[in-house]
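Please find one structure pasted underneath; my questions will follow.
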Protein chains: 4
Amino acid sequence: MKALVYHGPGKKSWEEKPKPTILEATDAIIKIYKTTICGTDLHILKGDVPAVTDGRILGHEGIGVIEEVGSAVTNFKKGDRVLISCISSCGKCEYCKKGMYSHCEKGGWILGHLIDGTQAEYVRTPFADTSLYHIPENADDEAIVMLSDILPTGFECGVLNGQIKPGDTVAIVGAGPIGLAVLLTAQFYTPSAIIMIDLDDYRLSETKKLGATHTINSQKEDAVAKVLSLTENKGVDVAIEAVGIPATFELCESIIAPGGHIANIGVHGKSVTLHLETLWSKNITITTRLVDTVTTPMLLKTVSSKKIDATKLITHHFALENIMQAYDTFQKCSKR
Amino acid sequence: MKALVYHGPGKKSWEEKPKPTILEATDAIIKIYKTTICGTDLHILKGDVPAVTDGRILGHEGIGVIEEVGSAVTNFKKGDRVLISCISSCGKCEYCKKGMYSHCEKGGWILGHLIDGTQAEYVRTPFADTSLYHIPENADDEAIVMLSDILPTGFECGVLNGQIKPGDTVAIVGAGPIGLAVLLTAQFYTPSAIIMIDLDDYRLSETKKLGATHTINSQKEDAVAKVLSLTENKGVDVAIEAVGIPATFELCESIIAPGGHIANIGVHGKSVTLHLETLWSKNITITTRLVDTVTTPMLLKTVSSKKIDATKLITHHFALENIMQAYDTFQKCSKR
Amino acid sequence: MKALVYHGPGKKSWEEKPKPTILEATDAIIKIYKTTICGTDLHILKGDVPAVTDGRILGHEGIGVIEEVGSAVTNFKKGDRVLISCISSCGKCEYCKKGMYSHCEKGGWILGHLIDGTQAEYVRTPFADTSLYHIPENADDEAIVMLSDILPTGFECGVLNGQIKPGDTVAIVGAGPIGLAVLLTAQFYTPSAIIMIDLDDYRLSETKKLGATHTINSQKEDAVAKVLSLTENKGVDVAIEAVGIPATFELCESIIAPGGHIANIGVHGKSVTLHLETLWSKNITITTRLVDTVTTPMLLKTVSSKKIDATKLITHHFALENIMQAYDTFQKCSKR
Amino acid sequence: MKALVYHGPGKKSWEEKPKPTILEATDAIIKIYKTTICGTDLHILKGDVPAVTDGRILGHEGIGVIEEVGSAVTNFKKGDRVLISCISSCGKCEYCKKGMYSHCEKGGWILGHLIDGTQAEYVRTPFADTSLYHIPENADDEAIVMLSDILPTGFECGVLNGQIKPGDTVAIVGAGPIGLAVLLTAQFYTPSAIIMIDLDDYRLSETKKLGATHTINSQKEDAVAKVLSLTENKGVDVAIEAVGIPATFELCESIIAPGGHIANIGVHGKSVTLHLETLWSKNITITTRLVDTVTTPMLLKTVSSKKIDATKLITHHFALENIMQAYDTFQKCSKR
């Protein structure tokens with residue numbers, strides 16, 4: 001079969017690889033129907049994720065059709081259309097039982113990382129019964145792909161951890177794909193204001209169509225001053241960091257209201273400064289989280305009942321064999 | 001009357017001051033029966049709290065008997081024995097309605113800070129109906145004084161914010177008075193282990209009598225390694241910072257288990273380094289809080305039903321007129 | 001002034017009464033600008049609420065302008081435009097401090113019940129600082145009137161107590177004003193389905209415009225069978241009783257899924273049969289509640305940010321002096 | 001092997017049965033070391049549980065040593081000492097993923113009910129990886145047996161569902177084994193008062209040794225009046241029903257304070273009267289639950305750290321071959 005293979009920093013190719021086979025009784029083999037590229041894949045290509053070694057097939061998102069299941073798989077059978085979660089959950093360890101699949105002792109984020117991934121014609125997924133989901137009939141396939149990673153990441157790490165409530169004021173720092181996933185799912189809880197902060201006017205103008213009530217270009221305006229002016233000088237109830245650098249996290253520290261929540265989603269490469277000299281008495285909560293995908297069933301219900309249109313997150317389409325070109329396009333967009 | 005008066009950094013005296021009178025209809029005048037000295041008072045004396053100006057009577061803890069109430073006070077009358085909360089709550093503002101009295105728009109921590117305090121023969125307390133509490137009959141007065149500040153601080157900022165559950169492993173960093181208040185109230189929720197970390201062997205040995213299951217002298221032992229060895233290399237479910245310096249906060253970052261809670265209580269004078277490069281994916285929660293004293297009614301029930309012996313926090317007694325000597329003693333102990 | 005006065009079962013009149021005056025320092029006198037009639041007022045007129053005595057001015061909803069405040073009132077002054085909460089909260093008692101204003105030791109539902117109410121040219125409201133709310137600038141006055149009682153009742157007793165989550169299936173039994181308030185505010189949490197159940201086709205068809213996804217006329221269809229067929233035979237996650245008779249409560253018992261929540265709002269005149277012989281093992285939660293109006297600030301934010309259009313609950317308008325005619329109209333509609 | 005076999009209402013025998021074998025890849029075969037008799041077993045023997053058919057081996061509690069595991073079992077191996085949960089959880093269905101194992105689509109309470117149980121020399125347990133627990137080293141075996149059913153039942157259905165908080169007043173109606181399990185685990189949350197209500201003075205006097213603060217013999221005293229007098233006429237914050245008949249449930253309705261929680265544990269054979277005519281406005285919460293055993297890991301931690309002495313629930317010991325005599329003794333005690 002054909003697959004997108006990593007060959008060390010800066011090197012990848014669309015090449016022939018052996019079709020995967022069942023290794024464990026809990027495995028499934030899935031013919032990939034649609035996949036996507038994640039910002040994390042770009043990090044891998046830069047060499048930022050050393051656990052990914054030469055020869056690895058990338059990709060941790062996708063939908064497909066089951067070709068074969070191991071003997072212990074009982075929820076799925078050949079021919080089933082399935083959503084592949086970016087997080088593999090054994091369903092048996094202490095963390096899985098607590099709903100913290102991201103820290104599964106045998107799983108977690110392993111697809112396209114420690115084992116071969118979904119940017120290929122076929123993929124082997126471990127722990128099929130607890131890591132795959134049936135695609136509802138009549139569902140829009142493209143919307144469903146957004147449930148592999150981006151929507152649960154925005155929802156769990158941003159919206160749920162931020163504890164957004166009706167009437168709240170929310171700031172989302174970063175209008176990239178994850179920021180947009182937060183923007184869409186934040187509206188499940190009817191905040192009174194959603195302020196998007198980014199450096200790119202085009203992205204910001206797009207967020208207005210998706211539900212942002214205010215936008216701030218932090219390169220052109222004093223973001224702290226603007227947020228305070230929009231919130232009667234109180235700051236926001238919830239600030240969501242969707243970038244992953246010190247400046248954006250510290251911006252969240254500067255705009256949070258007393259009693260507020262800062263929810264970090266960004267993948268940080270270095271430490272940040274936490275201003276406890278002012279925050280110690282502000283009754284705030286800061287959370288971090290690697291997506292658990294524990295809300296995938298809930299999100300499937302909102303997508304299949306049309307409460308959210310996840311296809312709005314999609315801008316470009318490529319045939320699988322053109323994935324090298326898709327990577328080029330994605331890399332250009334990410335530099336904006 | 002006599003009072004302990006601040007006269008700028010390093011200067012205080014026990015001197016004659018006018019007896020306070022009712023200024024607002026919601027005030028009460030209280031004859032002080034017992035008061036205490038808080039670590040914060042030492043900070044004030046060092047000049048660390050510039051809002052405290054020359055001539056201010058210090059003190060924000062105490063019990064007493066009501067001498068007089070303003071015309072709008074309905075819950076209390078002359079002769080009532082009352083607990084004075086360190087936090088004054090107007091009961092009417094947005095924050096008070098949310099139970100966040102610490103950020104009351106007209107109150108908060110003002111006693112012995114922005115208005116004259118309790119280290120005196122009499123004190124005027126604002127918002128009497130929502131800032132004083134009736135002392136239960138037969139209650140131990142000394143136990144009740146601990147409810148002005150130290151017990152709600154340890155309980156709200158440490159135990160509640162840390163979300164301690166039955167069976168949890170808990171580390172308390174700092175075995176000073178606040179750390180001990182956390183130690184006592186953490187046991188309300190039956191954790192399986194409480195690990196006290198401090199630099200002083202005497203203090204640590206005392207914590208064993210109060211319920212600590214393990215102690216670590218972080219000057220003599222590698223605290224991180226010891227905590228990991230006590231927790232099957234997972235770290236603790238809850239880490240509580242009760243010191244207020246970068247080193248102790250960062251220790252909490254190093255010993256927290258995935259999914260765990262770091263509850264900050266310490267009053268920090270400078271920023272700390274938050275290691276998001278490792279913590280971003282650990283699903284942790286960090287909280288800060290200035291005590292709200294919203295749990296005072298709950299704590300009064302636990303004290304009056306003898307579920308907790310708050311008098312164990314008390315080591316020294318002085319007559320009020322010897323408060324200068326009490327300060328000397330407290331300052332020496334705090335340097336240990 | 002003129003007022004709508006109760007004179008025993010079945011008797012009321014629009015008559016001259018003395019203009020109210022300040023009795024307590026915490027009172028306000030309000031010139032009524034808009035008021036409404038509640039289903040409870042009809043109960044009073046039937047004689048179902050014996051605590052209401054001859055001569056009482058009815059009404060517990062309304063907005064107006066402050067004419068005068070007592071000496072202890074600090075949040076409001078003459079000329080302020082205010083929303084009057086149906087629940088009076090002293091802000092000082094054990095229940096008020098817990099946010100359970102409905103059980104306030106001196107307040108609760110007293111307006112138009114134990115003291116004169118709002119269906120008059122002027123009203124005296126006790127505990128003004130903690131029972132009135134400033135009307136946001138540019139707000140739609142008619143929408144704001146809905147916040148006196150009906151919206152917080154639907155939201156607190158139905159939506160919050162029912163713990164509606166994104167993706168949930170919800171049944172609302174009763175499409176009267178309260179059922180509609182539930183319907184509007186349930187959408188704050190993005191359930192996947194909202195099934196309205198009533199006996200009146202006209203009402204049901206109206207609910208479709210307000211967000212209902214399915215409707216059931218329980219006189220024409222087997223409501224239990226229909227709900228089960230809509231929910232893959234599981235029943236609904238949340239069932240909300242908005243009628244107040246045994247049959248509708250027992251319907252909720254019959255359609256609730258394992259793990260589900262039954263939230264009672266209805267004012268019941270007799271006991272109901274609780275089928276513990278089947279429910280004991282179904283892991284369900286049943287709640288009752290008299291509205292606390294503790295969410296009024298949150299609801300004000302959702303109304304003033306246009307997240308909800310509360311005016312959709314309004315069908316008829318009358319000049320205040322035509323309130324007798326308004327009662328007639330309301331009584332006819334309620335019999336549908 | 002030998003086993004206790006049900007032969008229709010009133011009939012049981014200790015007889016030879018074939019030793020169980022692995023049927024599914026997720027099964028384990030366990031040599032029973034200790035088992036117990038549950039009140040439910042007596043119900044089965046009366047014929048109250050028609051799903052239990054002639055020939056069924058009874059028992060759903062026990063500890064033992066693993067003899068053999070199926071090919072899909074990864075957490076356990078021959079020789080492991082294990083606790084058998086009374087609830088079998090597949091770990092894969094919608095309910096198991098929500099932590100509601102009691103409603104597992106393939107499991108739930110099936111041991112000694114729909115499949116052969118633990119009152120035998122050997123038992124086959126399905127879904128071993130998600131239904132068995134390793135026994136901590138040095139743990140007291142007898143304490144661990146209490147974790148199969150009785151302790152999680154008391155804790156989950158009574159204490160957790162009742163939401164007991166520090167300082168609360170709690171009434172437990174029924175001082176049988178489940179009531180005692182509630183009594184022990186309620187103390188995890190440090191209520192200020194625990195009032196035990198029963199008909200038997202001996203049982204009540206025993207509860208005093210286990211932590212009850214007050215006892216009421218409802219045959220000799222007016223239980224409602226006594227509870228009100230102990231709670232300043234407010235009623236209790238939490239009332240726990242541990243009997244399963246209408247009279248005891250209605251007693252809970254009569255003693256609950258506004259804002260309180262009624263947690264039902266009892267297995268009810270008929271409906272009860274719910275007095276919504278008084279309760280509709282009392283802001284109460286009623287819960288039902290079949291134990292999920294989702295807290296077994298938490299309870300294991302409290303037992304192995306000696307925070308609770310579960311052996312206090314044990315009064316009699318019998319050799320396995322004397323189980324017929326054990327049933328006789330248990331039946332006599334249950335009639336008290």
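Throughout, protein chains are lettered first and strands after them, A, B, ... in sequence-line order, and every chain is numbered starting at 1. Remember, it's a predicted structure, so these values are computed and weren't measured experimentally.
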* Contacting region of A/F127 [heavy-atom separation from chain D under 4.5 Å] -> neither
* Asked: Non-hydrogen atoms of chain D under 4.5 Å away: do they reach the side chain of A/K98, the backbone, both or neither?
  -> neither
* First locate atom CG of D/D129, then atom NZ of A/K92, and finally report the distance between them rounded to the nearest 0.5 Å. =>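 Taking CG in D/D129 and NZ in A/K92, the distance rounds to 3.5 Å.
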* Asked: Does any non-hydrogen side-chain atom of D/K97 lie less than 4.5 Å from one of A/T130?
  -> yes
* Heavy-atom distances under 4.5 Å only: say whether A/A72 touches chain D with side chain, backbone, both or neither. =>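 When you check distances to chain D, atoms from both the backbone and side chain of A/A72 fall under 4.5 Å.
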* With a 4.5 angstrom heavy-atom cut-off, which part of D/S89 approaches chain A: side chain, backbone, both or neither? ->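 Nothing of D/S89, per the 4.5 Å heavy-atom cut-off to chain A.
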